[in-house]
Amino acid sequence: MADSSALIARLRRIAAGTGAAQAMAAPVDAWLAQGLGRAQLHDIYAIDGEDGPSGAGFGIAAALAAGALPLLWLRTEACERSQGRLHATGLIELGLSADSLVLGVVADEAALLRAAADAARCAGLGTVLVESVGRAPGFDLTATRRLMLAAESSGVTILSLRIGAAPTPSAAATRWGVAAVPSTALDQGGGEGAPGLPAFDVECLRRRGGPAGQRWRVEWDRDAKSFRGAPLSGAGLSVAPDRAAARHPAASVRAAG
């Protein structure tokens with residue numbers, strides 16, 4: 001618990017601007033090329049539950065940057081209720097087209113793990129985004145080893161999005177902490193600026209066989225399909241803002257499990 005609290009505090013300091021110079025010191029292009037390798041399992045932690053949409057946006061952007069499409073997004077009904085239904089406009093703003101996304105909403109964590117294991121063996125997919133909320137004890141070393149082995153065999157990239165959970169041991173090649181930050185307003189020449197590019201604070205919490213602990217503040221450029229170092233301040237983007245709508249039955253594109 002102490003480690004979790006310290007990590008939450010550190011992410012909040014990043015979001016507030018503390019250590020911004022260090023966050024932009026490392027070359028973003030090199031980090032992206034090495035950090036989220038294809039055909040592997042990667043953990044993405046939005047430790048503060050309010051950062052769930054940013055964690056999802058970061059994962060989608062990483063898949064787009066790698067050209068790892070189509071993307072299968074798996075989530076539980078509990079995720080749908082707590083995080084809200086997917087927001088089509090937000091996804092399009094990130095650069096993810098409707099014909100590159102399949103959504104599966106399943107009953108519970110056990111069904112989520114079964115669906116993820118099946119999807120990880122499907123070579124026709126580029127990325128599987130597996131979203132869970134809270135502790136999710138089923139995502140243990142045994143389950144994540146199976147996912148990693150399936151990813152290595154099929155060539156599919158698996159992103160385990162953990163929302164409102166403390167980091168736990170897993171077989172993932174990398175582990176990332178993601179926090180929301182305001183984007184920089186665009187100068188429209190008329191006085192008031194429009195919201196700028198989606199922005200994220202990210203920290204490499206673990207990297208198999210390599211250094212960890214580096215932090216970056218980055219913007220996502222959907223036209224270039226790449227991350228770049230971000231200046232400070234502005235407004236954000238959500239991919240799942242409609243929590244009220246999520247209380248009603250959802251019509252998922254595909255249900256698995």
Side-chain angles (χ1 to χ4, degrees), residues 2-66 68 94 127-132 136 139 141 144-145 147-148 151-152 157-181 197-221 225-232:
D3 290 344
S4 174
S5 298
L7 183 53
I8 292 172
R10 181 166 52 185
L11 288 173
R12 285 175 175 165
R13 285 197 300 271
I14 299 171
T18 302
Q22 294 92 326
M24 296 182 61
V28 174
D29 290 343
W31 152 69
L32 184 59
Q34 299 172 10
L36 295 180
R38 298 190 63 168
Q40 293 182 331
L41 168 67
H42 305 278
D43 290 336
I44 299 173
Y45 277 87
I47 297 171
D48 187 330
E50 294 298 316
D51 288 326
S54 288
F58 172 74
I60 291 168
L64 289 167
L94 284 172
T127 299
V128 178
L129 177 65
V130 187
E131 180 185 3
S132 61
F139 285 83
L141 278 171
T144 55
R145 282 194 189 102
L147 290 175
M148 175 62 92
E152 291 174 340
T157 302
I158 305 175
L159 305 178
S160 176
L161 174 60
R162 305 289 304 276
I163 301 173
T168 58
S170 83
T174 63
R175 180 183 302 146
W176 303 90
V178 180
V181 291
L197 300 176
F200 310 90
D201 265 311
V202 295
E203 181 176 5
C204 180
L205 303 174
R206 178 184 180 274
R207 186 199 301 268
R208 180 188 294 175
Q214 290 181 304
R215 300 194 302 264
W216 299 264
R217 176 163 292 185
V218 296
E219 289 179 336
W220 169 246
D221 185 335
K225 290 185 170 57
S226 65
F227 291 99
R228 67 190 190 193
L232 305 180

Met148 vs Arg208 side-chain heavy atoms within contact, under 4.5 Å: yes

Between Ile163 and Glu131, is any pair of side-chain heavy atoms under 4.5 Å apart? yes

Are any of the side-chain heavy atoms of Val181 and Arg217 separated by less than 4.5 Å? yes

Once you round to the nearest 0.5 Å, how far does CD1 of Ile158 lie from CG of Leu129? 11.0 Å

Nearest heavy-atom neighbours spanning Lys225 and Leu64: CD-O, 4.0 Å

Looking only at non-hydrogen atoms, find the nearest pair between Pro167 and Leu205 and report the distance. CG-CD1, 4.3 Å

Answer yes or no: is there a side-chain heavy-atom contact under 4.5 Å between Arg38 and Thr127? no

How many angstroms lie between atom CD of Gln40 and atom CG of Leu159, to the nearest 0.5 angstrom? 11.0 Å

Drop me the distance from Leu147's CG to Phe139's CZ, to the nearest 0.5 angstrom. 7.0 Å

Asp201 side, atom CG; Trp216 side, atom CH2 - distance, nearest 0.5 Å: 11.5 Å

Side-chain donor or acceptor of Arg206 paired with backbone N/O of Ala172 under 3.5 Å: yes

Ignoring hydrogens, what is the shortest heavy-atom contact between Ala61 and Phe227? Give both atom names and the distance. CB-CZ, 3.5 Å

Taking atom types as modelled, find out whether Arg207 and Thr174 have a side-chain donor-acceptor pair closer than 3.5 angstrom. no

So how far is it from Phe58 CZ to Trp220 CH2, rounded to the nearest 0.5 Å? 10.0 Å

Regarding Ser226 and Asp221, do their side chains bring together a donor and an acceptor under 3.5 Å, going by distance alone? no

To the nearest 0.5 Å, what is the distance between CZ (Arg162) and CZ (Arg175)? 9.5 Å

Using modelled atom types only, decide if a donor and an acceptor are shared between the side chain of Asp51 and the backbone of Ala46 within a distance under 3.5 Å. no

Using atom types as modelled and distance alone, determine if a side-chain donor or acceptor of His42 lies under 3.5 Å from a backbone N or O of Gly37. yes

Considering all heavy atoms, the nearest Ala39-Thr157 contact: N-OG1, 3.2 Å

Is there a side chain to side chain contact (heavy atoms under 4.5 Å, CB included) between Trp176 and Leu36 once you walk through the steps? CA-CA 10 Å; Trp176 303 90; Leu36 295 180; 3.2 Å; yes

Thr144 side-chain N/O to Ala171 backbone N/O, donor-acceptor pair under 3.5 Å: yes

